[in-house]
Amino acid sequence: MLLVYRIPDINFHMTKMKSSSVFYLVYTLSLIFGLLCIIFVTTWCKGYRGGFAWDGTVKMFNWHPVCMVTGLVVLYGNAILVYRLPFTWSSNKLILKFVHGTLNLGALSLAVIGLLAAFWFHNKMHIPNLYSVHSWVGFAAVILFGLQWLMGFLAFLLPCTPIWLRTAYKDLHVFSGLCILPMTVAASVSGINEKLIFVLDAPNSTASYKNLPPEAYLANTLGVLLLCFSLTVAWMLLKREWQRPNTHAFSLSDATEPLLTEN
């Protein structure tokens, strides 16, 4: 009889260990893709576009792609994975809320800096703002992200927010968070393509985009890496076996408990 009961337990633990191993493999891939995205966008702007400055020139604009890729894609992608990491499942959920909110605030701050760099450069060079699909999608993503962070702070961190409101807003918060990542990736990829057309097909360019010079190879690879990063993040978010388990330690009151208590 003991043997009969032990076999399911062994199978359960083996399955759980295998699932965790696969998760960490995918998570490691996402970290590698994210790091490569930051390296490639920085190399592109520094090696091919002249580097960085804060003087209203094109060097100032170079902060735009670096901040957007680093903050709005890579840092944000890691922020929404906080609740998926198996080693955090036994942690106090209030601590995870603080980490999740802080990482998102960092991503939002970088996004704002990136927007300022783009608008400042456009205004100084008398270039119109918000005329392309890249700018529309990107600006909408930043606005949604800002509202998402503000509503998350008001709903889940303040002690005066009613429990019913936290519970009602939770699903919308999760849905909005899932929508932001593909929006930011779409804006980034379209922005890469737009920038390459502007600089490589300009009258004074020595190599056109269609001839795939080294700069085009590097920037196109950056776009592929962004897609790879977003796909690994989406896989970890949507796979049911990797979702945070609902045990007795994580009740509804825990999920909606504010971080900033009145005590």
Side-chain angles (χ1 to χ4, degrees), residues 23 27 30 34 67-117 119 130 136-187 230 233-234 236-263:
F23 172 87
Y27 181 60
S30 74
C67 288
M68 291 307 188
V69 168
T70 303
L72 213 53
V73 179
V74 178
L75 188 56
Y76 175 71
N78 282 278
I80 59 180
L81 288 176
V82 167
Y83 294 103
R84 289 293 185 270
L85 300 174
F87 66 83
T88 67
W89 290 352
S90 59
S91 303
N92 188 322
K93 198 166 185 180
L94 300 184
I95 297 177
L96 297 183
K97 286 183 180 183
F98 177 79
V99 174
H100 176 72
T102 301
L103 289 176
N104 277 317
L105 181 59
L108 181 60
S109 299
L110 286 174
V112 171
I113 294 173
L115 278 183
L116 288 175
F119 281 114
L130 301 176
W136 286 15
V137 175
F139 192 70
V142 174
I143 295 299
L144 179 59
F145 189 14
L147 292 174
Q148 169 86 343
W149 192 91
L150 178 62
M151 290 301 298
F153 177 82
L154 295 176
F156 301 122
L157 299 183
L158 294 183
C160 57
T161 305
I163 294 293
W164 66 266
L165 181 58
R166 297 189 192 120
T167 305
Y169 176 65
K170 185 179 179 182
D171 288 342
L172 180 60
H173 182 76
V174 173
F175 174 74
S176 298
L178 292 175
C179 290
I180 291 171
L181 185 61
M183 290 176 66
T184 61
V185 173
S230 64
V233 171
M236 287 182 281
L237 289 175
L238 299 177
K239 192 171 176 62
R240 185 179 298 275
E241 290 84 350
W242 295 341
Q243 294 179 3
R244 186 184 180 92
N246 292 319
T247 63
H248 67 280
F250 305 109
S251 62
L252 179 61
S253 61
D254 174 71
T256 57
E257 183 179 354
L259 179 63
L260 305 178
T261 60
E262 295 175 336
N263 294 330

Please report the shortest heavy-atom distance between [X] and [Y], naming the atom on each side.
X: Ala186; Y: Val137; value: CB-CG1, 4.5 Å
X: Ser230; Y: Val185; value: CB-CG2, 3.7 Å
X: Ala79; Y: Leu103; value: CB-CB, 3.6 Å
X: Gly77; Y: Ile80; value: O-CG1, 3.1 Å
X: Ala107; Y: Leu75; value: N-CD2, 3.4 Å
X: Val142; Y: Ala111; value: CG2-CB, 4.3 Å

As an exercise, state the distance from [atom1] of [X] to [atom2] of [Y], rounded to the nearest 0.5 Å.
X: Ile180; Y: Ile143; atom1: CD1; atom2: CD1; value: 11.0 Å
X: Leu150; Y: Leu105; atom1: CG; atom2: CG; value: 11.5 Å
X: Phe119; Y: Leu130; atom1: CZ; atom2: CG; value: 4.0 Å
X: Leu165; Y: Lys170; atom1: CG; atom2: NZ; value: 14.0 Å
X: Leu144; Y: Met151; atom1: CG; atom2: CE; value: 11.5 Å

- Item | Of Leu94, Leu96, Ile95, Thr102, the residue whose pairing with Phe98 passes side chain to side chain contact (heavy atoms under 4.5 Å, CB included) | Thr102
Side chain proximity check, [X] to [Y], heavy atoms < 4.5 angstrom:
X: Leu81; Y: Leu237; value: yes
X: Leu85; Y: Phe23; value: yes
X: Met68; Y: Leu115; value: yes

- Message: Ring-plane angle category for His100 and Tyr83, please: parallel below 30°, perpendicular beyond 60°, tilted otherwise.
- Response: tilted
- Under the 3.5 angstrom rule, does the side chain of Thr184 hit a backbone N or O of Leu181 as a donor-acceptor pair? yes
- Without swapping roles, check the side chain of Ser30 against the backbone of Val233 for a donor-acceptor pair under 3.5 Å. no
- Ring centroid separation for Trp149 and Phe145, is it under 6.0 angstrom? no
- Task: Name all residues meeting the side chain to side chain donor-acceptor pair (under 3.5 Å) criterion together with Trp242; count only those two or more places apart in sequence or in a different chain, and write none if there are none.
- Result: Ser19
- Message: List the residues meeting ring pair (Phe, Tyr, Trp, His ring centres under 6.0 Å) with Tyr169, not counting sequence neighbours, and say none if there are none.
- Response: Phe156, His173
- Of all residues at least two apart in sequence or in a different chain, which pass the side chain to side chain contact (heavy atoms under 4.5 Å, CB included) check with Ser176? Gln148, Leu172
